[in-house]
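Predicted model, so just to flag it, every value in this text is computed and none were measured. Both backbone and side-chain heavy atoms feed into the values below; hydrogens, waters and symmetry mates do not.
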Amino acid sequence: MAEEAQKKKKRKRRKKHYFLRLVLAIAAGAGLYFMLSSSFFDVQGINVESNSYYTKEQIISKAGARTGDNIFGVNTKKFKEALLKDPYIKNARVKRTLPGTVVIIVEERSESAGVPYADMFVILDKDGLVLRKTNAEPKLPLITGVVIKTMEEGSPLEVEGTGALTGSLKIVAAMESTNMYFKRVDISGIAVKAYIYDQLICQGTPENILNSMVNGNLETFVYHLYTKGTERGIINVGSGNEFPFSPWVE
């Protein structure tokens, strides 16, 4: 009899547990329905952070985000994937802020140099990634003498002699942290030619020019020429601190 009574108690406890689970499931379902159907959780605003090249409206459009949708139905992964298809977007994060705000945080690539090709210009970032092509000459340092193999947007520019292009991009990138500026870097010859003016040129390997920019020696020598009013000639940049100068330019 005692054993039968124990079984009955267990059955009653199971029924209570099942009932409790059912109640919790219904409550959860009701809560989920409320969240998915209530206008309280509709997207009222979309914030964009860390953008500079694209406007807020352009970022929102590229992500495919819009107000009015339920915030729990927002596919943040889909928004991110859409943004990363654009070459200018290096990385993106999309998050929800309850009750009704979507936040898009982007990391954009910056234009570093332009490469002339036929009647257009290929715009590159500091790593040589093709950002876009344009018929208008950009207000950027130009890298000339480049033999292009392929130039697909969103992919690295493929050229003959990649070392010279890589070195030239490092020279261009170093302009941001030094007081040196080159309007054009030509890699068509054995030595790289970096043009301060049309007729004032630094000539040497990319490594030597870069090192002389970073240690400030090239800037000092160019300033010396400036004080003398010299705007024509070739500055030969070697591995040392001396810069043999020739006033003749071919």
Side-chain angles (χ1 to χ4, degrees), residues 53 87-88 90 108-223 225-226 230-239 243-250:
Y53 181 78
Y88 279 87
K90 185 175 183 179
E108 293 176 318
R109 294 183 174 92
S110 298
E111 296 180 351
S112 184
V115 177
Y117 180 79
D119 59 348
M120 69 173 64
F121 297 87
V122 183
I123 308 302
L124 306 179
D125 78 341
K126 64 182 180 63
D127 298 315
L129 189 85
V130 178
L131 297 177
R132 63 185 175 99
K133 304 164 194 171
T134 177
N135 292 323
E137 183 172 346
K139 295 180 180 180
L140 296 167
L142 298 180
I143 301 178
T144 59
V146 180
V147 180
I148 296 176
K149 294 181 178 179
T150 61
M151 48 178 179
E152 183 179 350
E153 292 183 4
S155 299
L157 183 69
E158 292 189 16
V159 303
E160 293 182 3
T162 56
L165 176 62
T166 301
S168 298
L169 287 169
K170 289 181 180 179
I171 290 173
V172 171
M175 295 180 196
E176 296 182 6
S177 57
T178 65
N179 290 323
M180 291 296 303
Y181 179 83
F182 300 112
K183 60 186 297 184
R184 179 163 70 95
V185 180
D186 184 79
I187 63 174
S188 60
I190 296 175
V192 167
K193 294 181 178 180
Y195 288 72
I196 300 172
Y197 305 124
D198 289 335
Q199 298 293 316
L200 185 59
I201 307 165
C202 294
Q203 180 174 274
T205 66
E207 293 78 13
N208 287 341
I209 294 175
L210 178 62
N211 290 337
S212 296
M213 291 173 67
V214 173
N215 62 31
N217 292 333
L218 184 56
E219 178 191 346
T220 300
F221 185 79
V222 171
Y223 181 75
L225 294 178
Y226 172 78
T230 301
E231 296 183 358
R232 176 187 175 91
I234 296 178
I235 305 167
N236 290 286
V237 183
S239 58
F243 302 96
F245 179 73
S246 171
W248 302 105
V249 178
E250 296 180 0

| Can any side-chain N or O of K133 pair as donor or acceptor with the backbone N or O of M151 at less than 3.5 Å? | yes

| Test item: D127 side-chain N/O and L129 main-chain N/O as donor-acceptor pair under 3.5 Å | no

| So how far is it from L200 CG to E231 CD, rounded to the nearest 0.5 Å? | 8.0 Å

| request: For the residue pair T205 and V192, establish whether any side-chain heavy-atom pair is separated by less than 4.5 Å. | output: no

| task | Find out whether V130 and P87 are in side-chain contact, i.e. whether some heavy atom of one side chain is under 4.5 Å from a heavy atom of the other. | result | no

| query | Is the closest side-chain heavy-atom distance between L225 and I235 below 4.5 Å? | reply | yes

| query | When you measure from the side chain of D186 to the backbone N and O of K193, does any donor-acceptor pair fall under 3.5 Å? | reply | no

| said: Looking at R184 and D198, is there a salt bridge between them, counting it only when a charged N and a carboxylate O are closer than 4.0 Å? | reply: no

| Hey, are S212 and N217 close enough side-chain-wise for a donor-acceptor pair under 3.5 Å? | no

| query | Just wondering, more than 12 heavy atoms not from Y223 lying within 6.0 Å of its OH? | reply | no

| request: Please report the closest heavy-atom contact between P206 and S168, naming both atoms and the distance. | output: CB-N, 4.5 Å

| request: Show your working on side chain to side chain contact (heavy atoms under 4.5 Å, CB included) between R232 and Y197 and close with a plain yes or no. | output: CA-CA 8 Å; R232 176 187 175 91; Y197 305 124; over 6 Å; no

| Can I196 and M180 be said to form a side chain to side chain contact (heavy atoms under 4.5 Å, CB included), step by step? | CA-CA 8 Å; I196 300 172; M180 291 296 303; 4.1 Å; yes

| request: Return the minimal non-hydrogen interatomic distance between V237 and C202, and the atom names on each side. | output: CG2-CB, 4.2 Å

| message | Within a 6.0 Å radius of atom CZ on F245, are there more than 12 heavy atoms belonging to other residues, nucleotides or ligands? | response | yes

| task | Without swapping roles, check the side chain of T134 against the backbone of A136 for a donor-acceptor pair under 3.5 Å. | result | yes

| message | Side chains of S112 and L124, heavy atoms from C-beta outward: is any pair under 4.5 Å? | response | no

| note | Correct closest heavy-atom pair for K149 and V159 would be CE-O, 4.0 Å

| message | Let's go through M175 and M213 carefully: what are the C-alpha distance in whole Å and the side-chain angles of both, what is the deciding distance for side chain to side chain contact (heavy atoms under 4.5 Å, CB included) to 0.1 Å, and is it a yes or a no? | response | CA-CA 8 Å; M175 295 180 196; M213 291 173 67; 4.3 Å; yes

| remark: Interatomic distance, CG@L218 vs CG@N179, rounded to 0.5 Å, equals 11.5 Å

| query | Do other residues, nucleotides or ligands put more than 12 heavy atoms under 6.0 Å from E153 CD? | reply | yes

| Which distance, rounded to the nearest 0.5 Å, do you find between the CD1 of I209 and the CZ of F182? | 6.0 Å

| request: Search all heavy atoms of V122 against all heavy atoms of Y117 and return the closest pair with its distance. | output: CG2-CB, 4.2 Å

| note | To the nearest 0.5 Å, atom CD of E158 lies from atom CD of E152 at 9.0 Å

| query | Any side-chain heavy atom of K126 within less than 4.5 Å of one from L169? | reply | no

| note | Rounded to the nearest 0.5 angstrom, the CD1-OG1 distance for I171 and T166 is 11.0 Å

| query | Roughly how far, to the nearest 0.5 Å, is the CG atom of L157 from the CD1 atom of I123? | reply | 11.0 Å

| field | Side chain E108, main chain Y53, donor-acceptor under 3.5 Å | value | yes

| query | Under the side chain to side chain contact (heavy atoms under 4.5 Å, CB included) criterion, do V146 and I187 qualify, and how do the steps go? | reply | CA-CA 7 Å; V146 180; I187 63 174; 3.6 Å; yes

| query | Hey, does L142 have a side-chain heavy atom less than 4.5 Å from the side chain of Y195? | reply | no

| task | Look at the rings of F221 and F243 and say which category their plane angle falls in: under 30° parallel, 30 to 60° tilted, over 60° perpendicular. | result | tilted

